[in-house]
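All remarks here apply to the structure that follows.
Residues take their numbers from the sequence shown, with the count starting at 1.
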Amino acid sequence: MALDPVALRDASDLAGALARRELSSRELLAAQLARVEALDGDLGAVVTLTADRAAEEAAACDEDLAAGRRRGPLHG
């Protein structure tokens, strides 16, 4: 399975893309969840995956950005 290139970008690049609204928090979450699904069977690195809560947080982050509120450098 080919990973979404979004899942391979570094945090500072992703933070900039989120701030510029080139990428949504929901899109970033989807890419990262797909990466976990693709790789964690071999790695066993994820103990508890709270995808539903992450989806709620991503939606809230997107709403904040749309309203002009930024939570800081790791927003998203």
Side-chain angles (χ1 to χ4, degrees):
M1 166 191 259
L3 293 176
D4 185 329
V6 169
L8 304 175
R9 292 165 69 176
D10 66 51
S12 62
D13 182 38
L14 289 169
L18 287 164
R20 292 185 301 275
R21 297 176 71 182
E22 298 169 356
L23 175 68
S24 73
S25 298
R26 291 176 180 112
E27 292 169 323
L28 175 55
L29 174 63
Q32 295 299 344
L33 288 175
R35 184 178 184 183
V36 168
E37 184 177 331
L39 300 175
D40 197 54
D42 292 331
L43 298 175
V46 176
V47 175
T48 303
L49 183 64
T50 56
D52 292 337
R53 180 171 179 202
E56 291 170 6
E57 289 292 326
C61 286
D62 286 342
E63 290 170 12
D64 282 351
L65 281 177
R69 294 185 301 269
R70 191 161 181 258
R71 298 180 184 186
L74 296 179
H75 186 119

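Applying the side-chain hydrogen bond (donor to acceptor under 3.5 Å, both in side chains) test to every pair with at least one member in residues 3-13, sequence neighbours left out, gives these pairs: Arg9-Asp13, Asp10-Ser12. Annotation: side-chain hydrogen bond (donor to acceptor under 3.5 Å, both in side chains) contacts involving residues 17-29, sequence neighbours excluded, comprise Arg20-Glu22, Ser24-Glu27, Ser25-Asp62, Arg26-Asp62.
Using a 4.5 Å cut-off between side-chain heavy atoms of Ile, Leu, Val, Met, Phe, Trp and Tyr, with links allowed through other members, Leu33 and Val6 fall into different hydrophobic clusters.
Once rounded to the nearest 0.5 Å, the distance linking CG of Leu23 with CG of Leu18 reads 5.0 Å. The distance from atom CD of Gln32 to atom CG of Leu8, rounded to the nearest 0.5 Å, is 8.0 Å.
When every heavy atom of Ala7 is checked against every heavy atom of Arg35, the shortest pair comes out as O-NH1, 2.7 Å.
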Donor-acceptor list for residues 38-53 side chains, cut-off 3.5 Å, not counting sequence neighbours:
{"from": "Asp40", "atom 1": "OD1", "to": "Gly44", "atom 2": "N", "distance (Å)": "3.4"}
{"from": "Asp40", "atom 1": "OD1", "to": "Ala45", "atom 2": "N", "distance (Å)": "2.6"}
{"from": "Asp40", "atom 1": "OD1", "to": "Val46", "atom 2": "N", "distance (Å)": "3.0"}

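Applying the salt bridge (Lys or Arg N to Asp or Glu O under 4.0 Å) test to Glu63 and every residue at least two apart in sequence or in another chain returns nothing. In this structure Arg70 satisfies the side chain to side chain donor-acceptor pair (under 3.5 Å) test with no other residue, sequence neighbours excluded.
Counting Ile, Leu, Val, Met, Phe, Trp and Tyr side chains that sit under 4.5 Å apart, directly or through other members, Leu65 stands alone, with no cluster partners.
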